[in-house]
Amino acid sequence: MKKLLCALIALTLLVAGAACAETLRVGMECNYAPYNWTQAEETEDSLPIEGGGYADGYDVRIAKRVAEELGYDIEIVKTEWDGLVPSLLSGNIDVIIAGMSPTAERMTTIDFTDPYYESELVIVVRKDGAYADATSLADFAGAKITGQLSTFHYTVIDQIPDVQKQTAMDTFPTMIVALNAGAIDGYVSERPGAESAVATNPNLTYVEFAEGQGFETDPADTSIAVGVAKGSKLTAQINEALATISDEERTQIMNDVLAAQPSAE
């Protein structure tokens with residue numbers, strides 16, 4: 001009887017421990033390939049979204065690695081871009097893993113971990129358009145260019161001489177539609193996002209710039225990091241988890257999601 005009682009107590013403690021595992025609530029758009037997207041079907045690498053559907057992408061796979069390292073369960077909370085920081089501040093989510101850069105402006109209200117990806121800025125254009133062969137910002141003089149609302153992508157457009165700066169748009173899919181329709185001549189993007197757009201829209205391409213010919217940016221603007229609440233214990237924990245992912249692994253993860261992203265067709 002004593003052995004049976006001990007076994008029952010051990011089982012109860014085990015179940016209780018499993019039930020008490022912390023859940024990391026991760027906010028992202030689920031609409032910013034290759035960093036994050038929504039899909040209908042569950043796959044090996046996807047995670048369920050609160051409210052329905054599944055999320056995959058670079059952010060999702062990094063989030064999974066972080067949660068595994070820290071021993072947390074994970075929940076994806078689909079949130080509009082402009083709502084990510086307010087959701088973090090209100091406690092509706094625990095972290096932002098959404099292709100977000102640790103800009104000086106954002107760091108006045110939230111903290112960021114070490115970067116988990118670094119890139120550079122390009123301009124996405126139509127392959128048959130007037131700007132497909134551009135090599136410098138000066139070549140975009142007179143072009144109708146836009147960027148995503150509430151991002152530094154939109155502010156750097158001012159560096160293009162004589163540009164026709166268009167109204168900022170809510171999402172990258174919206175900008176792709178506008179570009180395909182000829183409503184704009186191009187939009188500013190980080191290179192992975194541009195590669196994603198081109199992979200699913202064969203009529204598009206993107207312009208890279210040689211050193212000194214492109215946008216002037218702060219390294220923080222072209223880095224991607226996890227957003228956390230001011231003074232959160234999660235900052236140090238997530239940094240430790242991120243340190244276990246080598247540069248080679250990060251590059252491979254990005255290559256994998258670029259190949260796995262849903263087709264635009």
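Start at 1 with the first residue, then count along the sequence.
Residues Ile110 and Gly227 approach most closely at CD1-CA, 4.2 Å, considering heavy atoms. The shortest heavy-atom contact between Thr235 and Thr113 is O-CG2, 4.2 Å. Minimum heavy-atom separation, Ile97 to Tyr116: CG2-OH, 3.5 Å. Minimum interatomic distance between Trp37 and Gly57 (heavy atoms only, all atoms of both residues): CZ3-CA, 3.5 Å. Nearest heavy-atom pair, Pro219 versus Ser223, reported as atom, atom and distance to 0.1 Å: O-OG, 2.9 Å. When all heavy atoms are compared, the tightest approach of Ala241 to Thr244 is O-OG1, 2.6 Å.
In the hydrophobic clustering of this structure, Trp81 does not group with Ile76; members are Ile, Leu, Val, Met, Phe, Trp, Tyr whose side-chain heavy atoms approach within less than 4.5 Å, directly or through other members. Linking Ile, Leu, Val, Met, Phe, Trp and Tyr whenever their side-chain heavy atoms come within less than 4.5 Å leaves Val95 and Met100 in two separate clusters. Both Val228 and Ile224 are members of a single hydrophobic cluster when ILVMFWY side chains are connected at heavy-atom separations under 4.5 Å.
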Next item on the list: Could you give me the CA-CA distance, side-chain angles and deciding distance for Val60 and Tyr54, then say whether side-chain contact (heavy atoms from CB on, under 4.5 Å) is met?
Entry: CA-CA 10 Å; Val60 174; Tyr54 297 89; over 6 Å; no

Check: So Glu190 and Val122, side-chain contact (heavy atoms from CB on, under 4.5 Å) or not? Walk me through it.
Finding: CA-CA 6 Å; Glu190 292 176 14; Val122 300; over 6 Å; no

Checklist line | side-chain hydrogen bond (donor to acceptor under 3.5 Å, both in side chains) evaluation trace for Ser196 with Gln261 | finding: CA-CA 8 Å; Ser196 172; Gln261 65 182 344; 2.3 Å; yes

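Using a distance-only test at 3.5 Å, with no hydrogens or angles considered, a donor-acceptor pair links the side chain of Thr251 to the main chain of Asp247. Counting only distance, with no hydrogens or angles, the side chain of Asn201 and the backbone of Asn203 share no donor-acceptor pair below 3.5 Å. Remark: side-chain polar atoms of Thr155 are paired, donor with acceptor, to backbone N or O of Phe152 under 3.5 angstrom. Using modelled atom types, one side-chain atom of Asp185 and one backbone atom of Lys144 make a donor-acceptor pair closer than 3.5 Å.
Residue pairs meeting the salt bridge (charged side-chain N to carboxylate O under 4.0 Å, His left out) criterion with at least one member in residues 42-55, sequence neighbours excluded, are Arg25-Glu50, Asp45-Arg61. Sorted by first and then second residue, the side-chain hydrogen bond (donor to acceptor under 3.5 Å, both in side chains) pairs with a member in residues 93-108 form an empty list; sequence neighbours excluded. Residue pairs meeting the ring pair (Phe, Tyr, Trp, His ring centres under 6.0 Å) criterion with at least one partner in residues 122-141, sequence neighbours excluded, are Tyr131-Phe140. Listed by first then second residue, pairs satisfying salt bridge (charged side-chain N to carboxylate O under 4.0 Å, His left out) with a partner in residues 108-119 read Asp111-Lys230, not counting sequence neighbours. For residues 164-183, the set of pairs meeting the salt bridge (charged side-chain N to carboxylate O under 4.0 Å, His left out) definition, not counting sequence neighbours, comprises Asp158-Lys165.
With sequence neighbours excluded, the residues forming a ring-ring contact (aromatic ring centres under 6.0 Å, His included) with Tyr117 are Tyr58, listed by chain and number. Residues satisfying the ring-ring contact (aromatic ring centres under 6.0 Å, His included) test with Tyr206, not counting sequence neighbours, are none. For Ser189, there are no side chain to side chain donor-acceptor pair (under 3.5 Å) partners, not counting sequence neighbours. Applying the ring-ring contact (aromatic ring centres under 6.0 Å, His included) test to Tyr32 and every residue at least two apart in sequence or in another chain returns Tyr35, Phe172. Partners of Gln159 under the side chain to side chain donor-acceptor pair (under 3.5 Å) rule, at least two apart in sequence or in another chain, do not exist in this structure. Every residue two or more places apart in sequence or in another chain that forms a side-chain contact (heavy atoms from CB on, under 4.5 Å) with Ser87 is listed here: Thr79, Asn92, Ile93. Residues meeting the side-chain contact (heavy atoms from CB on, under 4.5 Å) test with Thr167, sequence neighbours left out: none.
The pair Glu69-Arg65 does not meet the salt-bridge criterion, since no charged nitrogen lies less than 4.0 angstrom from a carboxylate oxygen.
Within a 6.0 Å sphere centred on CD of Glu80, heavy atoms belonging to other residues, nucleotides or ligands number 12 at most.
Ile49 is listed as a side-chain neighbour of Thr38, based on a closest heavy-atom distance under 4.5 Å.
Donor-acceptor pairing under 3.5 Å is lacking for the side chains of Thr222 and Glu120. No donor-acceptor contact under 3.5 angstrom links the side chains of Tyr154 and Gln166, judged on distance only.
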